[in-house]
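Reviewing the structure listed below.
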Amino acid sequence: MLPLKTLKEIEGIARKEKEGTDTLIHDFGHLERTAAGARWFVKVLGGPEEEQELAYAAGLLHDIVRPNTEKEDHAAASAKRSGEILEGLGVDKEDVRRILEAIADHRRPVEWRSPLHQSVFLADKILEQMGAFVVFRRSYYIGECHDFDCQGFGEAMTAHYRRKLEKFRPDVFPTRFRRLVDYQYEWVTGFFGHFSGSEPWAVELARMCYEAGKTHGMTMDGCVRAYKPREAEGRRLTEEALAYMEGRKFPEFEKFLQ
Ligand SMILES: [Fe+2]
Ligand SMILES: [Fe+2]
């Protein structure tokens with residue numbers, strides 16, 4: 001079992017190493033929410049408390065090395081750096097191995113060996129890359145990530161959303177989570193419909209986050225808090241994103257499990 005003191009130390013190191021990061025969508029907030037999500041997934045998959053704590057640690061470290069491009073394998077780099085951190089803290093060797101396995105495989109599905117192994121992938125994909133929150137996060141990402149530097153706002157938004165929608169494969173998630181995935185995904189497709197239809201509130205939201213991503217004038221979380229929607233759709237989306245950020249969605253998510 002990871003002692004609470006060690007978890008706190010990991011948290012402190014993750015927070016410190018994220019200071020001055022050049023990708024604010026992967027800031028400490030992202031690590032902390034992914035950690036809480038990974039712990040929740042292990043719990044609902046029936047993993048013991050000890051595994052839940054290891055999943056929390058894995059979530060805190062999964063993007064500890066995160067360059068501002070998709071062209072480098074940050075999962076392998078994060079696993080390597082996490083190994084140094086955990087060994088430095090004297091964490092049990094077998095625990096280190098299991099944490100690193102979850103970090104190394106957080107980007108795409110593999111043959112899962114345990115709830116812990118799968119937990120960071122599930123939290124990152126279902127909670128951070130879907131849902132109302134990602135509507136803000138994705139626009140911020142498009143503004144921030146250097147891979148889009150040669151495209152303008154509208155073009156980059158449309159191309160990226162289309163690519164993501166085409167690539168989406170609900171069958172990579174366990175059947176138990178399909179309803180949750182559908183629920184989370186609907187926020188994304190719904191928003192893209194409003195954006196494609198040039199609805200002012202949707203364009204305004206995306207533009208604000210995109211600009212903040214470019215300039216870092218606001219953090220990712222700051223964008224959600226700063227957006228003041230006038231339309232009911234925008235308000236519904238913002239309230240949902242805030243509830244997720246504040247960790248208030250888990251009881252409802254639990255009801256979607258099959
Ligand atoms: Fe990642
Ligand atoms: Fe991540």
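Indexing begins at 1, ligand by ligand and atom by atom, following the structure's order.
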Do Phe195 and Tyr161 have ring centroids that are under 6.0 Å from one another? no
Report for the Fe ion (ligand 2), protein N, O or S closer than 2.8 Å, by chain and number, lists His30 NE2, His62 NE2, Asp63 OD2, Asp124 OD1
Would you confirm whether Asp221, through its side chain, and Gly29, through its main-chain N or O, come within 3.5 Å as a donor-acceptor pair? no
In terms of the angle between their ring planes, are His30 and His26 parallel, tilted or perpendicular, with boundaries placed at 30° and 60°? perpendicular
Grouping I, L, V, M, F, W and Y whenever their side-chain heavy atoms are under 4.5 Å apart, do Met1 and Val91 come out in a common cluster? no
In plain terms, say whether Glu19 and Arg15 are close enough for a salt bridge, that is, a side-chain N and a carboxylate O under 4.0 Å apart. no
Examine Arg33 relative to Tyr244 and say whether NZ or CZ is less than 6.0 Å from the centre of the six-membered ring and inside a 45° cone about the ring axis. no
